[in-house]
Amino acid sequence: MKITEEDVTYVAGLARLSLTPEELQTMTGQMDAILDYVDKLNELNTDDIVPTAHAVPMANAFRADQVRPSIGVTSALANAPQEVDNCFQVPRVIE
Amino acid sequence: MKTRYETVIGLEVHVQLTTASKIFCGCSTAFGQSPNSQTCPVCLGLPGALPVLNQEVVNAAIKTGLATNCRIAPYSIFARKNYFYPDLPKGYQISQFELPICEQGWLDISGEELADKRVGITRIHMEEDAGKLLHDSAGGSLVDLNRACTPLLEVVSEPDMRSAAEAIAYLKQLHQIVVYLGVCDGNMEEGSFRCDANVSVRPFGQTEFGIRAEVKNLNSFRFIKQAIDYEVERQIELIEEGGKVVQETRLFDPDAGVTRSMRGKEQAHDYRYFPDPDLLPLEVSDAWIAEIRAALPELPTQKRQRYEEELGLPAYDASVLSAERPLAEYFEALVARHNNPKLCSNWVMGEVLGAIKENDVTISACPVTPELLAGILQRIEDNTISGKIAKTVFSDIWQTGKSADEIIAEKGLKQVTDTGALDAIIDEVIAANPTEVAEYRGGKDKLMGFFVGQVMKASKGKANPGLVNKLLKERLSA
Amino acid sequence: MSASQLTISGLRQEFQEQRTTSVAVTQQCLDRISSTDTELNAFVTRCDEEALKTAAAADTRLKEGAAAALTGIPLGLKDIFNTRGVRTTCGSKILDNYIPVYDATVVERLREQGVVIVGKLNMDEFAMGSSNETSASGAALNPWDPNRVPGGSSGGSAVAVAAGQVVAALGTDTGGSIRQPAAHCGVVGLKPTYGRVSRYGVIAFASSLDQVGPITRNVEDCALLLGAIAGYDHRDSTSVDCPVPDYQASLRDGVAGKKIGLPREYFIEGLDPEVKRAVDAAIEVYRGLGADLVPVSLPHTDYSVACYYLIATAEASSNLARYDGVRFGVRHSSGGGLIDMYQQTRSAGFGAEVKRRIMLGTYALSSGYYDAYYIKAQKVRTLIRQDFIKAFEQVDLLLTPVAPTAAFRIGEKTADPLQMYLSDIFTIPVNLAGTCAMSIPCGFTEAGMPIGLQLIGKPFGEGDILQAAWAFEQATDWHQRQPTNNRKPDENSL
């Protein structure tokens with residue numbers, strides 16, 4: 001086994017997904033199979049290889065420090081599931 | 001018991017930059033606007049929106065790095081720090097993790113009752129701020145994203161400080177530098193300069209560090225001192241009672257003056273940092289660094305040193321005058337017009353600072369400009385007016401904005417140096433005080449001061465004190 | 001002319017000669033959608049009213065002689081592009097009610113040209129899928145055989161073009177999502193070089209791999225549409241500031257003397273014999289046109305699926321963190337705390353494939369596994385990219401099949417995600433290498449399903465592959481065949 005149900009539960013927590021017991025079982029099996037497959041990458045020696053983050057090598061994309069108009073509070077909140085006082089409302093954050 | 005333990009402090013300072021627009025979008029960074037009015041698809045984290053780096057943020061990072069003796073990385077990258085929180089629109093914060101823009105710097109700290117010391121700076125990196133969470137009456141929390149995507153520098157120190165006083169000295173110096181550089185407004189109340197402190201204790205002689213607690217929410221020098229002191233005491237007590245310090249995040253409560261554990265609120269930290277594929281690597285050329293270096297202002301430490309060594313000022317004057325850039329600029333503008341640094345220093349530290357404090361204005365708004373003040377000093381040095389009259393001239397200029405010469409002329413404040421005119425006054429004073437004259441002549445030399453005072457009073461302060469002294473001596477010894 | 005014969009180049013001519021109007025062809029498309037889409041399910045959202053308005057405005061512009069290249073042409077957009085005021089679901093329940101307040105850059109460019117946007121097209125949820133079966137709106141069906149998948153993730157786009165519902169469409173391609181459905185539906189699809197087309201406003205799946213591209217009925221239309229959307233965008237840091245050539249103007253330059261590489265790793269066991277036969281025949285066509293066919297090797301091809309499924313899922317796990325029910329989208333909350341809200345929203349809003357990929361990507365980035373999985377995959381990505389660089393030192397372009405098989409049956413691969421992933425083996429390496437490639441029709445299986453030919457170009461060599469594709473199209477008539485759409489869905493496969 002590459003991955004256990006405990007690992008999958010931990011990862012689901014990080015990803016803010018809740019899985020039913022059946023989903024957990026299926027997910028563990030499928031992830032295990034996929035991880036088993038991707039293990040084939042270890043056939044390759046990559047010790048001296050530089051990782052590629054972007055396929056087209058480029059650097060330094062900038063914008064000038066200029067203020068551009070904002071979209072306005074109405075647009076900002078246009079899709080808000082819940083809004084109060086021009087803010088997005090969420091269940092209370094406990095501090 | 002406290003003396004058996006050594007305190008170890010490392011600081012993470014968040015410096016909010018004064019750019020006009022946010023770090024990855026064109027929204028304004030202005031403080032205190034109505035909620036969510038300064039937002040766009042990028043800083044709202046709407047689907048499909050992409051970040052583009054504000055070049056001025058990079059300039060500010062390089063400036064700060066150079067001013068804190070850092071190595072500027074020729075190649076650095078942005079990374080995503082992944083976690084869920086309602087004030088973090090994208091579900092990740094764009095920051096730098098591996099390969100930050102500045103590394104391996106230091107600041108030398110000094111102060112009263114502090115040994116001179118070098119504090120290491122591990123790294124400085126650029127990142128975006130989160131939004132703001134408020135609580136509403138209905139039992140929910142409210143999210144305002146105006147602040148989201150505001151540019152920050154995070155300055156991480158080595159755990160080199162051994163007391164709250166050292167921590168404060170380091171912070172004050174860093175604060176002074178970023179304000180001097182103009183990259184930060186330094187406003188701690190608005191959160192423009194805020195600090196997390198990593199605090200641990202260990203028995204003296206032990207080489208490895210103790211377990212540290214990270215104290216958050218420190219937005220004034222006073223709170224930082226209180227929080228560190230509290231935390232040190234708490235940890236020592238805990239250890240002495242046989243307990244163990246746990247590594248955790250603690251929140252400082254300024255009302256109660258205590259730190260409180262944030263345990264339970266946070267899940268395990270597994271931020272899954274990885275290079276942000278939406279942003280390109282940042283390459284900073286030597287030419288770019290040189291250009292910024294050339295344009296760096298003289299920093300407070302350098303100024304202080306120069307004031308002492310080149311201008312011959314006492315250490316105290318040098319330190320007061322260099323503490324804030326506008327004040328230093330005022331002083332330097334004055335010296336440029338009137339080349340008597342000590343006289344200039346006396347006047348700036350005395351009259352000028354006194355008046356701006358009394359009138360509650362900033363030095364930049366001081367109505368007696370360096371040019372006008374130089375006009376006064378000149379008339380002191382050429383004996384047109386006395387130091388005392390000069391002070392009246394100063395307050396007249398403050399009121400009217402007229403030049404020293406105009407006021408001296410209008411009010412007839414020119415010193416009396418005509419011997420004939422003074423002789424007449426002296427005659428009167430001698431005639432009016434026969435007892436004192438007799439006593440003086442009888443050997444009571446101290447009375448000279450009394451006679452000078454009488455003459456000055458009779459001349460309405462316009463008499464030249466040196467001349468009066470000389471004439472009086474001649475007449476009384478006759 | 002029937003709706004399924006309309007082309008951009010043909011319509012431009014007709015508009016110019018005033019033989020038809022934008023309103024007329026738009027109406028023709030809308031009628032076609034009405035008569036076919038109940039079955040095909042290519043559209044997620046229709047914009048009939050707005051489309052006719054835009055068409056009328058386009059007709060005025062055409063009359064005034066102020067028309068741009070695409071003025072008045074009815075197009076469809078994959079439902080992944082932000083369209084201001086028009087619902088954009090990205091194939092997901094979590095965005096069921098999302099109405100963007102801004103346009104993607106490509107949408108903005110099309111609107112400026114006076115393009116008529118007919119509607120938003122079906123796709124795999126968040127572009128994660130190779131069959132269109134992960135869509136929250138249900139799968140679009142292959143117009144050549146409704147028992148088969150149209151391919152994915154830009155399935156709806158390929159279906160709409162193949163079935164004559166729109167003249168052309170835009171899709172996105174992260175691991176083959178334009179080329180594979182284009183191949184399966186018998187149309188032309190092009191994935192540009194990474195950075196050629198702006199990604200701003202395109203809902204992200206895997207940011208270092210995603211590219212926007214055209215799906216069209218012929219190669220010339222592909223050149224025209226690419227020309228309209230390509231080019232630098234200051235809002236996308238990864239967009240490349242280099243001039244956009246006139247792709248249409250160079251189409252006719254031919255392939256005589258061109259060196260075309262045949263990567264041995266793409267002609268392997270497991271390649272369907274019918275697909276192999278069609279691609280072999282295409283090779284002969286090119287030989288006949290005077291091209292020089294040479295064997296080359298892309299030795300790390302076999303590692304590309306593994307590499308891709310780590311990089312793409314890692315990026316996706318982060319890109320999809322913003323779907324948290326706070327600022328937009330469908331929130332699920334049963335009165336619990338914040339974490340409950342997050343979990344309920346995301347668990348109810350995302351489908352199984354999306355969850356699987358978020359999980360896999362989160363795992364690959366998590367503490368202790370980052371180097372073993374994510375960094376390892378990025379290093380292998382370097383090797384795969386180097387394969388292409390070396391190959392392009394020898395040849396001008398590469399020729400391969402698009403997919404190992406023609407369109408498979410609905411439900412055939414849903415139970416085994418890995419098998420589904422492996423069907424992208426020939427398209428994925430191009431995304432990892434960041435270069436450009438296109439799919440053009442090159443034959444049919446005995447069952448009547450289209451087969452696609454892939455032409456892979458050097459970075460920013462879109463002009464080269466379009467030229468080669470046009471030469472092939474002139475020499476063959478595969479692109480002229482149209483789905484008859486007289487087959488009824490199988491009972492047992494639905």
Side-chain angles (χ1 to χ4, degrees), chain A residues 3-19 31 34-35 38 41 46 49-95, chain B residues 19-22 24-30 34-41 43-44 46 52-59 75 77 82-87 91 132-136 138-145 251 262 264-265 267-268 270 272 274-277 279-284:
Chain A
I3 190 167
T4 64
E5 286 195 1
E6 203 182 354
D7 296 333
V8 174
T9 305
Y10 169 75
V11 173
L14 286 179
R16 295 288 188 266
L17 292 170
S18 61
L19 303 175
M31 284 177 74
I34 296 166
L35 290 170
V38 302
L41 296 183
T46 52
I49 305 296
V50 179
T52 293
H54 282 105
V56 180
M58 294 184 289
N60 293 7
F62 299 123
R63 40 174 287 274
D65 182 26
Q66 275 162 3
V67 175
R68 296 176 60 87
S70 295
I71 58 173
V73 68
T74 315
S75 290
L77 295 166
N79 282 285
Q82 272 188 64
E83 58 160 297
V84 171
D85 297 340
N86 287 339
C87 290
F88 301 97
Q89 191 195 38
V90 294
R92 189 165 193 108
V93 177
I94 308 127
E95 292 205 1
Chain B
T19 53
S21 64
K22 294 184 178 181
F24 297 121
C25 67
C27 290
S28 164
T29 54
S34 70
N36 293 302
S37 61
Q38 290 175 170
T39 57
C40 74
C43 55
L44 287 167
L46 295 184
V52 183
L53 178 60
N54 181 342
Q55 187 163 12
E56 206 43 45
V57 174
V58 184
N59 288 334
Y75 180 91
I77 56 171
N82 294 284
Y83 65 96
F84 287 90
Y85 211 61
D87 63 5
K132 254 190 193 155
L133 268 182
L134 317 152
H135 295 304
D136 71 353
S141 290
L142 301 181
V143 186
D144 169 11
L145 295 174
L251 203 64
M262 289 172 79
K265 181 196 161 190
Q267 286 210 330
D270 188 343
R272 290 156 283 138
F274 74 108
D276 191 329
L279 290 161
L280 301 182
L282 177 59
E283 289 178 4
V284 180

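Scope of the values below: all heavy atoms of this structure, side chains included, with no hydrogens, waters or symmetry mates. Quick caveat, the model's predicted, so the values are computed rather than measured. Throughout, protein chains are lettered first and strands after them, A, B, ... in sequence-line order, and every chain is numbered starting at 1.
Proximity to chain A (any heavy atom under 4.5 Å) is shown, for B:Lys132, by neither the backbone nor the side chain. Proximity to chain A is absent for every atom of B:Cys43, based on heavy atoms less than 4.5 angstrom apart. In this structure, the portion of B:Phe24 lying under 4.5 Å from any heavy atom of chain A is its backbone and not its side chain. Of the two parts of A:Gln89, the backbone and the side chain both hold a non-hydrogen atom closer than 4.5 Å to a non-hydrogen atom of chain B. Interface remark: B:Pro86 contributes side-chain atoms only to the contact with chain A (heavy atom separation under 4.5 Å). Looking at B:Leu44, only its side chain comes within 4.5 Å of chain A, counting heavy atoms on both sides. For a residue to count as touching a neighbouring chain, one of its non-hydrogen atoms must lie under 4.5 Å from one of that chain's; by this rule A:Ala15 touches chain B with the backbone only. Only the side chain of B:Leu145 comes within less than 4.5 Å of a heavy atom in chain A; its backbone stays farther off. Proximity to chain B (any heavy atom under 4.5 Å) is restricted, for A:Ala64, to the backbone atoms N, CA, C and O. For B:Val57, no part lies under 4.5 angstrom from a heavy atom of chain A.
In the model, A:Thr4 has a side-chain atom that pairs as donor or acceptor with a side-chain atom of A:Asp7 under 3.5 Å. One side chain, A:Arg63 or B:Ser21, offers a donor N or O that lies under 3.5 Å from an acceptor on the other. Side-chain polar atoms of B:Asp270 and B:Tyr83 form no donor-acceptor pair below 3.5 angstrom.
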Exercise. Begin from the C-alpha positions of B:Leu142 and A:Phe88 and carry the test side-chain contact (heavy atoms from CB on, under 4.5 Å) through to its verdict.
Key: CA-CA 5 Å; B:Leu142 301 181; A:Phe88 301 97; over 6 Å; no

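A donor-acceptor contact shorter than 3.5 Å links the side chain of B:Ser141 to the backbone of A:Val93.
Ranked by heavy-atom pairs under 4.5 Å with chain B, the first of A:Asp65, A:Ile71, A:Val73 is A:Asp65.
Between A:His54 and B:Asp276, the closest heavy-atom pair is CE1-O, 4.3 Å.
Atoms CD1 and CG, from B:Ile77 and B:Leu282 in turn, are 10.5 Å apart once rounded to the nearest 0.5 Å.
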